[in-house]
There are 2 protein chains.
Amino acid sequence: MSAPPAHRLLARLRHFTVFSPEERNAINSACGGSALVARQRRDLIREGDRPRGVPLILEGWAFRYKTLEDGRRQIIALHLPGDLCDIHGSILRKMDHSIGALTQVRYVELTRDQIDDLAALGPRVHQALWWDSLTTAAIQREWTVNLGQRDALERLSHLFCELIFRLRAVGMIDGLRCEIPLTQTDLAEATGMTPVHVNRMVQELRSRQLIRWKGREFEALDLDGLCDVAMFNPAYLHLDHEGRHLDALG
Amino acid sequence: MSAPPAHRLLARLRHFTVFSPEERNAINSACGGSALVARQRRDLIREGDRPRGVPLILEGWAFRYKTLEDGRRQIIALHLPGDLCDIHGSILRKMDHSIGALTQVRYVELTRDQIDDLAALGPRVHQALWWDSLTTAAIQREWTVNLGQRDALERLSHLFCELIFRLRAVGMIDGLRCEIPLTQTDLAEATGMTPVHVNRMVQELRSRQLIRWKGREFEALDLDGLCDVAMFNPAYLHLDHEGRHLDALG
DNA sequence: CCTGCTCGTTCACCCATGTTAACGCCAACC
DNA sequence: GGTTGGCGTTAACATGGGTGAACGAGCAGG
């Protein structure tokens with residue numbers, strides 16, 4: 001509760017660079033505005049809206065999605081605590097997709113000026129913000145690969161692997177256990193399959209002793225095995241720091 | 001041949017803002033370095049490389065792709081003349097994917113300093129560069145939707161529609177005719193299907209009198225019809241200027 | 001003129017995944 | 001304590017798209 005507002009964000013950025021205490025303070029105070037709350041399954045921003053500030057997720061999970069005329073819906077991205085949704089998105093005049101709350105979400109909306117002020121703190125912060133949007137783009141590319149080339153079991157495993165690594169980067173995993181507040185229908189919309197087939201694949205991963213999953217409690221029983229099934233290579237997350245993996249940073 | 005180097009880039013940016021002659025000149029001279037050439041089907045940059053400058057495509061088509069361990073390959077994005085590949089990508093330490101030349105490609109590599117100098121010209125140029133990377137990200141999201149939700153015929157039609165709009169934005173279309181230097185195998189790798197099935201879908205579009213395509217010569221015989229099949233909505237390209245469509249700009 | 005290559009085309013077959021529909025569990029609520 | 005609704009689960013069946021293989025057109029090179 002009393003964690004500084006940019007706690008998760010800083011945890012993530014730490015994988016790119018090391019900030020001075022002043023920089024950390026500045027980032028924290030920029031993010032210290034009054035938090036907004038989106039109720040579960042409500043939208044933060046809807047397609048067609050004029051973008052306002054940049055949402056920074058403090059607590060809860062959000063997701064971007066796009067709906068086709070005939071109702072089919074694709075989840076385009078998942079956002080965990082510490083994620084900035086679309087820095088500089090306000091340059092575009094209209095949202096071309098929506099952002100919704102998967103769980104209840106606490107967030108702040110950074111203004112364009114706040115972002116600019118942060119960037120003006122110096123090259124380290126400036127680059128860290130760029131790093132943030134570049135890694136977001138890299139994740140989007142990987143989702144493209146996932147949907148285009150992997151089969152159902154691989155796609156699902158890959159998504160689980162990505163979530164594990166991303167949750168670890170913001171300190172939200174306990175060993176190989178974490179909370180995954182997604183329904184199988186959500187997974188279906190994210191991986192381009194039907195809920196029925198997601199269920200089949202979940203069963204398959206369970207029977208191979210790769211995962212345990214009940215309610216929101218998720219555990220990777222064999223992360224290496226899961227990565228193998230998914231052909232998961234975490235390089236695209238760009239979480240290693242100058243070649244050393246973060247673990248080495250203590 | 002004697003077109004200014006940033007000709008296509010400026011044509012595209014014009015959809016976002018109107019530059020002063022000074023700004024245009026500055027952009028042109030930044031892009032006026034000696035051009036590099038990549039032979040057809042060679043890579044400009046390979047996965048694992050340290051990013052160098054930002055490639056700006058002057059002539060020819062390039063593509064980003066990623067290969068899985070077992071050889072499956074996904075084309076992640078297509079780049080036409082006037083496209084900047086990955087502004088600020090050099091912040092990341094390693095490329096997580098490759099960029100290859102579909103045709104012979106003439107390009108320049110802008111350095112980080114050149115980009116920074118451009119951005120320092122003023123808010124209009126600065127924002128235009130952001131607009132560029134935001135629309136690139138929007139295209140990537142739409143590809144995610146395409147692969148996740150649309151069936152084979154829709155996917156292929158959607159890609160054709162996108163290419164038509166993007167080629168139009170850089171003045172590379174003559175009515176509804178253009179050059180598409182993609183093989184059916186390329187299309188297969190971009191749309192996540194097999195070459196055989198691409199062929200079936202191409203036949204289908206031909207028999208519905210929606211397209212004509214022979215060699216590199218492509219023509220949309222009925223663009224509205226093609227958009228309908230694809231459920232194509234060009235909003236994500238963000239090519240309209242303050243609400244007016246560019247056509248109104250003359 | 002033959003050779004070899006790439007690319008488009010077609011066919012027969014089969015499997016991964018979609019579809020539709022039930023059913024059961026559990027928690028929220030009256 | 002019954003009712004409702006969301007979610008996971010299962011089953012039977014249908015189909016879109018993958019697979020593997022063959023063939024031909026066009027073109028570059030010797």
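So that the names make sense, note that chain A is the first sequence line, chain B the second, and so on, each numbered from 1. Please read these numbers as outputs of a predicted model, since none were measured by experiment.
Counting to the nearest Å, the P atom of D/dG18 and the CG atom of B/Asp151 are 11 Å from each other. In this structure, CD of B/Gln40 is placed 11 Å from C1' of C/dT6, rounded to the nearest angstrom. For the pair B/Gln149 CD and D/dG16 C1', the computed distance is 16 Å after rounding to whole Å. Distance, B/Glu204 CD to C/dT9 P: 14 Å, rounded to whole Å. Protein atom CD of A/Glu217 is 16 Å distant from nucleotide atom P of C/dC26, rounded to whole Å. In this structure, A/Leu102 atom CG and D/dG6 atom P are separated by 16 Å, rounded to whole Å.
How far CD of B/Glu219 is from CD1 of B/Ile173: 9.5 Å, rounded to the nearest 0.5 Å. Atom CZ in B/Arg200 sits 10.5 Å away from atom CE in B/Met193 (nearest 0.5 Å).
Taking a cutoff of 4.0 Å between a charged side-chain nitrogen and a carboxylate oxygen, A/Arg150 and A/Glu142 qualify as a salt bridge.
In this model, the phosphate group of C/dA16 is not approached by any side-chain N or O of A/Arg150 to a distance below 4.0 Å at OP1 or OP2. A close approach under 4.0 Å does not occur between any side-chain nitrogen or oxygen of B/Asn199 and OP1 or OP2 of C/dG8.
Residues from residues 177-197 of chain A that place a heavy atom under 4.0 Å from any atom of DNA chain C, listed by number: A/Gly192, A/Met193, A/Thr194, A/Val196, A/His197.
Under 3.5 Å, the side chains of A/Thr144 and B/Gln74 contain no donor-acceptor pair of N or O atoms.
Ring-centre distance between B/Phe218 and B/Phe160: below the 6.0 Å cut-off.
Heavy atoms of other residues, nucleotides or ligands lying less than 6.0 angstrom from CZ of A/Arg41 number more than 12. Atom CZ of B/Arg42 has 12 or fewer neighbouring heavy atoms from other residues, nucleotides or ligands inside a 6.0 Å radius.
Along DNA chain C, the nucleotide nearest B/Trp213 and the nucleotide nearest A/Arg155 are compared for position; the residue whose nucleotide lies closer to the 5' end is B/Trp213.
Among the heavy atoms of the strands, none lies under 4.0 Å from A/Arg72. Looking at heavy-atom distances under 4.0 Å, B/Arg41 makes no contact with the nucleic acid at all.
A/Arg200 contributes a side-chain N or O that forms a donor-acceptor pair with the base of C/dG18 under 3.5 Å.
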